[in-house]
Protein chains: 2
Amino acid sequence: MSVTTKDIASICGVSRTTVNRAFTNTGRISEETKQKILKVAAELEYRPDLLAMGLKSGKTRFFGIVVFDVRNRYFAQMLNAVEVEARKHDYFVNITLHEKNKKLEKELIQRLADYRVEGFILSPVSKGPSFSEFLKKINKPTVIIGNRVGKDIPFVGINEKEAAKDAVKMIAEKGYKQIVFVCPPLADAEQENIYSHEQREQGFLEEIKNYPDVNSVVVASWDYLKEVEKIMNQATSKTAFFCSGDIFALEIMKYFKQFGKRAKQDYGIMGFDNIDTLDYVIPRLSTIDNVVEKVSEKAVSILFEMIEGKKVPNKTIVDYIVINGETL
Amino acid sequence: MSVTTKDIASICGVSRTTVNRAFTNTGRISEETKQKILKVAAELEYRPDLLAMGLKSGKTRFFGIVVFDVRNRYFAQMLNAVEVEARKHDYFVNITLHEKNKKLEKELIQRLADYRVEGFILSPVSKGPSFSEFLKKINKPTVIIGNRVGKDIPFVGINEKEAAKDAVKMIAEKGYKQIVFVCPPLADAEQENIYSHEQREQGFLEEIKNYPDVNSVVVASWDYLKEVEKIMNQATSKTAFFCSGDIFALEIMKYFKQFGKRAKQDYGIMGFDNIDTLDYVIPRLSTIDNVVEKVSEKAVSILFEMIEGKKVPNKTIVDYIVINGETL
DNA sequence: TTGAAAGCGCTAACAG
DNA sequence: CTGTTAGCGCTTTCAA
């Protein structure tokens with residue numbers, strides 16, 4: 001197989017310990033033997049076995065990321081940001097995916113832990129006390145992004161509720177007399193961790209109270225296109241759709257376009273997330289930028305603090321950005 | 001720390017060997033001791049140390065993926081497909097990113113190899129004999145997707161040239177009298193592995209010869225928007241743009257829209273890749289679907305054959321799909 | 001049916 | 001300045 005310290009040792013006529021010293025620059029060693037060892041090592045293209053090192057030291061310089069789907073823009077952007085940050089600390093990232101399969105999600109986390117990753121960045125689908133317990137048993141530094149699991153696990157994100165309130169404010173002030181909140185079915189709340197959407201809805205419901213002359217509707221169904229169409233057809237006043245996710249907004253715009261209805265002229269619409277697909281869609285969708293890159297960076301730096309044994313806040317909030325596009 | 005076979009052994013009053021037998025179902029062991037061991041293990045929530053197992057066996061059930069950016073739709077879709085396939089074999093995927101940094105790309109591959117991943121799926125930026133040599137030294141089963149590195153490393157992809165020819169055919173037959181091929185600068189060819197774009201260009205150049213009455217232009221510059229605009233302004237005949245990448249096409253459409261020029265009415269346009277962003281863009285872009293999911297699946301299955309020691313073809317071609325949208 | 005011993009490759013404590 | 005020894009946790013002969 002490949003070259004080991006043993007080989008180098010025997011070639012150089014020294015012990016493995018000495019070879020090790022040459023690499024680690026630790027302990028006393030004569031410059032001469034050191035150079036000789038390094039030279040031989042380079043010639044043989046020696047590479048330390050990371051498994052063996054990890055086994056010995058318990059340090060792997062890897063951390064684990066478990067998300068459900070990289071086609072999701074949020075995760076794609078997050079992964080990139082995390083990678084870049086990790087690299088700065090000379091850490092590597094082990095990314096695995098589970099397609100919203102909760103059982104698999106746990107298995108992956110467990111497996112990575114068995115692999116001795118030194119920490120986790122998660123955006124879990126699972127939630128609740130049992131999952132929280134599970135994570136505690138895993139007993140590795142862990143930071144949660146985007147979906148709250150429990151009070152005791154460090155979380156990084158934006159203030160979703162505030163953001164939703166800001167959105168409602170902006171829409172209302174543009175004179176819309178009916179605002180429709182579109183989000184995934186809340187019935188899935190027990191199945192999936194849709195903390196973000198819940199928060200956004202709460203923000204919507206709270207803020208809309210401040211505009212008593214604005215009619216409010218909530219559409220929480222996967223069949224939202226039909227419902228939204230019905231609402232439009234019956235609308236007697238200027239109507240805007242506030243979607244808990246840009247994708248919903250894009251789908252609606254596309255759907256309405258079939259009937260010749262256009263955003264801003266015929267209805268107002270706003271998304272949430274600022275996914276990068278928006279760069280290519282005209283008109284520019286108004287939305288909330290959830291600053292995933294910043295959130296991710298922050299998450300990584302918190303993770304490193306945890307790895308170093310420091311105490312960290314269990315909730316870190318990053319500022320979102322309201323984007324006033326061309327659809328309101 | 002955590003529970004080891006040693007702990008279980010001492011609790012059960014047996015040797016570690018016996019404990020191991022209980023788990024591996026290998027060698028003779030009485031049903032009674034086995035059950036006892038498994039019970040104790042479960043109670044203590046024993047988890048085998050994957051590093052130790054890997055060190056001993058050389059098998060990690062991981063393979064490595066190295067790409068430059070998951071925000072790139074092609075890679076995002078590829079990763080998902082690869083993950084799903086890997087899971088079927090109970091393998092795990094270790095994904096790392098390098099942002100088109102060739103030095104880093106090599107480091108990552110090396111590092112993963114040092115970590116004893118059992119194989120690689122790569123879509124490298126590096127190419128040429130020295131990179132090819134490098135990969136050979138790594139000496140792990142490797143499959144290349146999307147960018148050819150060398151004749152001797154198994155490759156999976158579509159026939160880019162044929163696809164480009166089909167595209168030209170389709171455009172020409174719709175009556176366009178000028179076709180402009182838009183691609184990244186070829187000058188970067190030595191810096192980046194843009195095999196796909198080269199192939200597409202070749203296909204364009206070859207096929208256009210069959211239409212002597214059609215004028216052809218190649219725009220290979222990052223400043224393509226300006227050039228394309230100039231061409232449009234000077235155009236005296238029906239002009240279409242064939243872009244070596246959907247992104248270019250989307251940018252062009254967006255750019256022209258500012259001036260009130262619309263695809264199909266004022267010019268024809270076709271992309272390449274069929275990225276999923278297209279789902280939300282109107283009009284529907286004509287393009288070539290590079291069937292990344294199929295390519296990825298195939299790549300994984302070939303990788304597993306290599307891991308199993310089977311011989312595999314060093315070039316595997318998957319059928320692309322021509323998508324006739326609304327922009328021609 | 002079970003156990004002792006050696007070893008994967010690297011490292012660290014302790015001698016010399 | 002250098003070597004011996006033991007051990008990380010698991011596995012695999014070989015012997016009992």
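Naming convention: chains lettered A, B, ... in sequence-line order (proteins, then strands); numbering from 1 in each chain.
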> To the nearest angstrom, how far is A:R21 atom CZ from C:dA13 atom C1'?
11 Å
> Rounded to whole angstrom units, what separation is found between the NZ atom of B:K59 and the C1' atom of D:dT11?
15 Å
> Rounded to the Å, how far apart are B:I37 CD1 and C:dT2 C1'?
10 Å
> Can you find a pair of side-chain heavy atoms, one from A:I11 and one from A:L44, that are under 4.5 Å apart?
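In contact.
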> Take a 6.0 Å sphere around NZ of B:K294 and say whether it holds more than 12 heavy atoms from other residues, nucleotides or ligands.
no
> Please work out if A:N20 contacts a base, only the sugar-phosphate, or nothing of the nucleic acid, heavy-atom cut-off 4.0 Å.
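Counting heavy atoms under 4.0 Å across all strands, the contact made by A:N20 includes a base.
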> Could you check A:E83 against A:R87 for salt bridge (Lys or Arg N to Asp or Glu O under 4.0 Å), going step by step and ending with a plain yes or no?
CA-CA 6 Å; A:E83 247 287 325; A:R87 184 65 23 74; 2.9 Å; yes
> Please determine, for the side chain of A:M53, which listed nucleotide (C:dG9, C:dT2, C:dT11) has the closest atom?
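Nearest to the side chain of A:M53 among the choices is C:dT11.
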> Of the listed nucleotides (D:dT2, C:dT2, C:dG9), which one gets closest to any side-chain atom of A:D49?
C:dG9
> Would you kindly check if the NZ (Lys) or CZ (Arg) of B:R111 is within the cone defined by 45 degrees around the ring axis of A:F62 and under 6.0 Å from the six-membered ring centre?
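Yes, cation above the ring, under 6.0 Å and within 45°.
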> Report which part of the nucleic acid A:Y46 touches: base, sugar-phosphate, or nothing (heavy-atom distance under 4.0 Å, all strands).
sugar-phosphate
> Looking at B:F120, is B:K140 sitting on its ring face, NZ or CZ under 6.0 Å from the six-membered ring centre and within 45 degrees of the normal?
no
> How many whole angstroms separate atom CD1 of B:I8 from atom P of D:dG9?
12 Å
> In whole Å, what is the span from the NZ atom of B:K6 to the C1' atom of D:dT11?
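Rounded to the whole Å, the gap is 16 Å.
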> To the nearest Å, how far apart are B:K56 NZ and C:dG9 P?
9 Å
> When the nearest nucleotide of DNA chain C is assigned to B:S15 and to B:L55 on a heavy-atom basis, which residue is associated with the more 5' position?
B:S15
> Within this structure, what is the CD-to-P distance between B:E32 and C:dT2, rounded to whole angstrom?
8 Å
> Taking the minimum atom-to-atom distance to the side chain of A:A52, which one of C:dG9, D:dG3, C:dT2 wins?
C:dG9
> In whole angstrom, what separates B:R116's CZ from C:dC8's C1'?
7 Å
> DNA chain C: B:S57 or B:S30, which has the more 5' nearest nucleotide?
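Result: B:S30.
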> Establish, with yes or no, whether the OP1 or OP2 oxygen of C:dA12 is under 4.0 angstrom from a side-chain nitrogen or oxygen of A:T17.
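No, outside the criterion.
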> For D:dT11, does OP1 or OP2 lie under 4.0 Å from any side-chain N or O of B:T24?
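Answer is no, no contact under 4.0 Å.
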